[in-house]
**Q** 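Before anything else, here's the structure in question.
This structure is a prediction, so every number in the text was calculated from the model and none was measured.
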Amino acid sequence: LAGTRARLARNRDTCPLFDSERFTHDLERLLRRMWTDYRAGTRQHIVIEADEEDRSQPGFSTTMQPPDGQTTKTLAQTLQQALALHRKGELGGAIKLYLEALTLAPDEPQVHLSLGKALMASGNLEDAKTHFESALQLTPDDPQTLCCAGEVQGAMGHVDQAAGYFQQAIKQAPQFVPAYVDMGTLMENAQRYPEAAQWLEEAAKLDAGNAVVWQRLGAMALRLNEFHRAIPHLEKTLALDPNQPDALFLVGGALTELK
């Protein structure tokens with residue numbers, strides 16, 4: 001017993017058992033992971049990766065392995081699987097994997113951005129907004145992230161806030177066409193059609209080979225009863241992409257109105 005007490009006394013300053021700060025740090029990481037899995041509807045064995053501080057501790061060992069032959073996936077593998085599911089429209093599985101990726105890299109803006117897109121597509125606008133804002137905190141000048149933040153604000157009916165994000169994206173990247181298209185969509189949804197047409201015209205100036213933009217311009221001209229303007233826009237659409245059935249339909253409608 002005396003020998004055990006002496007050994008404990010010698011190891012008190014280095015043994016993890018007595019390192020309260022380190023213990024608290026690991027416990028907090030574990031609880032965050034448990035909460036993430038709970039929200040994702042998963043239950044699985046949790047492996048907490050050692051950080052640099054842990055690895056520098058005396059007596060640290062890397063020989064421990066997950067039980068039952070489990071392996072720890074890398075961030076790249078998890079993201080690849082998540083993106084594959086996202087592209088196939090399997091949003092529930094994609095969201096689960098994005099959340100898993102987030103536990104591996106909580107400060108990676110692309111993970112927050114992709115997760116926000118999947119959440120928005122699934123109709124969870126509030127959580128999507130949260131993750132877009134988290135991505136913006138990490139990359140505040142990224143035009144794509146600014147547009148995503150604007151899109152979710154627009155979907156929530158916050159027109160002014162959405163416009164602010166799109167305009168900030170344009171300020172950061174004046175050649176970023178999606179920001180102009182997003183502004184056009186926002187104005188169209190708000191039934192501010194002349195403004196929508198102006199933003200789409202700016203997009204067409206920047207990307208004259210974009211068939212979708214020309215089709216949107218043609219549709220907008222029809223909304224404004226500007227049939228003579230609609231037809232050339234739609235003809236431009238078909239010249240760029242003959243396989244646009246909507247453009248053919250709209251041209252037919254414009255010609256009918258002109259008779």
Side-chain angles (χ1 to χ4, degrees), residues 25 28-29 32-33 35-37 39-40 48-49 51-53 72-87 89-187 189 199-200 202-203 206-207 210 212-213:
H25 171 68
E28 288 174 346
R29 293 165 66 197
R32 282 196 296 269
R33 178 68 180 275
W35 175 245
T36 299
D37 286 346
R39 293 192 67 186
I48 299 296
E49 292 286 344
D51 57 22
E52 290 302 319
E53 182 179 354
T72 303
K73 289 189 293 185
T74 67
L75 175 62
Q77 291 171 329
T78 304
L79 278 178
Q80 286 174 357
Q81 293 174 2
L83 289 168
L85 291 176
H86 197 162
R87 293 190 191 100
E90 298 179 19
L91 298 175
I95 289 169
K96 174 183 172 182
L97 287 171
Y98 285 136
L99 287 169
E100 184 178 329
L102 207 55
T103 65
L104 298 172
D107 294 328
E108 175 53 54
Q110 189 59 48
V111 178
H112 284 285
L113 185 62
S114 297
L115 176 55
K117 289 179 179 179
L119 288 166
M120 186 173 174
S122 71
N124 190 342
L125 300 182
E126 196 61 47
D127 284 350
K129 173 176 170 286
T130 297
H131 285 286
F132 289 146
E133 289 173 349
S134 295
L136 274 178
Q137 289 178 358
L138 297 164
T139 54
D141 297 333
D142 179 61
Q144 183 185 10
T145 306
L146 286 164
C147 283
C148 286
E151 287 169 10
V152 76
Q153 290 285 355
M156 297 171 79
H158 304 154
V159 176
D160 291 340
Q161 292 92 325
Y165 280 119
F166 297 145
Q167 289 169 344
Q168 190 176 347
I170 291 169
K171 181 179 179 181
Q172 294 298 331
Q175 305 299 312
F176 190 63
V177 174
Y180 295 87
V181 175
D182 282 339
M183 275 295 293
T185 301
L186 180 69
M187 295 297 104
N189 291 340
W199 286 107
L200 291 170
E202 290 299 319
L206 291 170
D207 188 4
N210 191 322
V212 173
V213 171

**Q** Can you name the side chain to side chain contact (heavy atoms under 4.5 Å, CB included) partners of Ala121, sequence neighbours left out?
**A**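 For Ala121, the residues satisfying side chain to side chain contact (heavy atoms under 4.5 Å, CB included) (neighbours in sequence not counted) are Leu91.
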**Q** Which heavy atom of Asp127 sits nearest to which heavy atom of Asn124, and what is that distance?
**A** OD2-ND2, 3.0 Å
**Q** Going by the rule side-chain hydrogen bond (donor to acceptor under 3.5 Å, both in side chains), which residues pair with Asn189 if we only count those two or more places apart in sequence or in a different chain?
**A**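 Asn189 satisfies side-chain hydrogen bond (donor to acceptor under 3.5 Å, both in side chains) with no residue once adjacent residues are dropped.
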**Q** Please list, one pair per line, the donor and acceptor atoms closer than 3.5 Å that link side chains of residues 176-187 to other protein atoms, with sequence neighbours excluded.
**A**
unit_1, atom_1, unit_2, atom_2, d
Tyr180, OH, Pro174, O, 2.8
Thr185, OG1, Val181, O, 3.0
Thr185, OG1, Arg216, NH1, 3.2
Thr185, OG1, Arg216, NH2, 2.9

**Q** Are Asp207 and Val213 close enough that some pair of their side-chain heavy atoms sits under 4.5 Å apart?
**A** no
**Q** Who pairs with Tyr98 by ring pair (Phe, Tyr, Trp, His ring centres under 6.0 Å), at least two apart in sequence or on another chain?
**A** His86
**Q** How far does CG of Leu102 sit from OG of Ser134, to the nearest 0.5 angstrom?
**A** 8.0 Å
**Q** Please tabulate, for the side chains in residues 143-160, all donor-acceptor contacts under 3.5 angstrom to protein atoms that are two or more places apart in sequence or on a different chain.
**A**
unit_1, atom_1, unit_2, atom_2, d
Thr145, OG1, Asp142, OD2, 2.6
Gln153, OE1, His158, ND1, 2.8

**Q** What donor-acceptor contacts under 3.5 angstrom involve side-chain atoms of residues 161-168, with partners at least two apart or in another chain?
**A**
none

**Q** Nearest 0.5 Å, please: how far is CD in Glu100 from CG in Leu75?
**A** 10.0 Å
**Q** With a 4.5 Å cut-off on side-chain heavy atoms, are Lys96 and Leu85 touching?
**A** no
**Q** Got a second to check how far Leu99's CG is from Thr103's OG1, nearest 0.5 Å?
**A**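 That separation rounds to 8.5 Å.
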**Q** Let me confirm one number: the CD1-CD distance from Ile170 to Gln172, rounded to the nearest 0.5 Å.
**A** 11.5 Å
**Q** Can you pull the salt bridge (charged side-chain N to carboxylate O under 4.0 Å, His left out) pairs that have at least one residue in residues 104-124, sequence neighbours excluded?
**A** none
**Q** Looking at side-chain heavy atoms only, is the closest gap between Leu125 and Met120 below 4.5 Å?
**A** yes
**Q** What residues form a side-chain hydrogen bond (donor to acceptor under 3.5 Å, both in side chains) with Glu133, not counting sequence neighbours?
**A**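 Only Lys129 meet the side-chain hydrogen bond (donor to acceptor under 3.5 Å, both in side chains) criterion with Glu133.
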**Q** The test is side-chain hydrogen bond (donor to acceptor under 3.5 Å, both in side chains); show your working for Ser114 and Gln110 and say whether it passes.
**A** CA-CA 6 Å; Ser114 297; Gln110 189 59 48; 3.2 Å; yes
**Q** How far apart are the closest heavy atoms of Pro109 and Ala135, and which atoms are they?
**A** O-CB, 3.7 Å
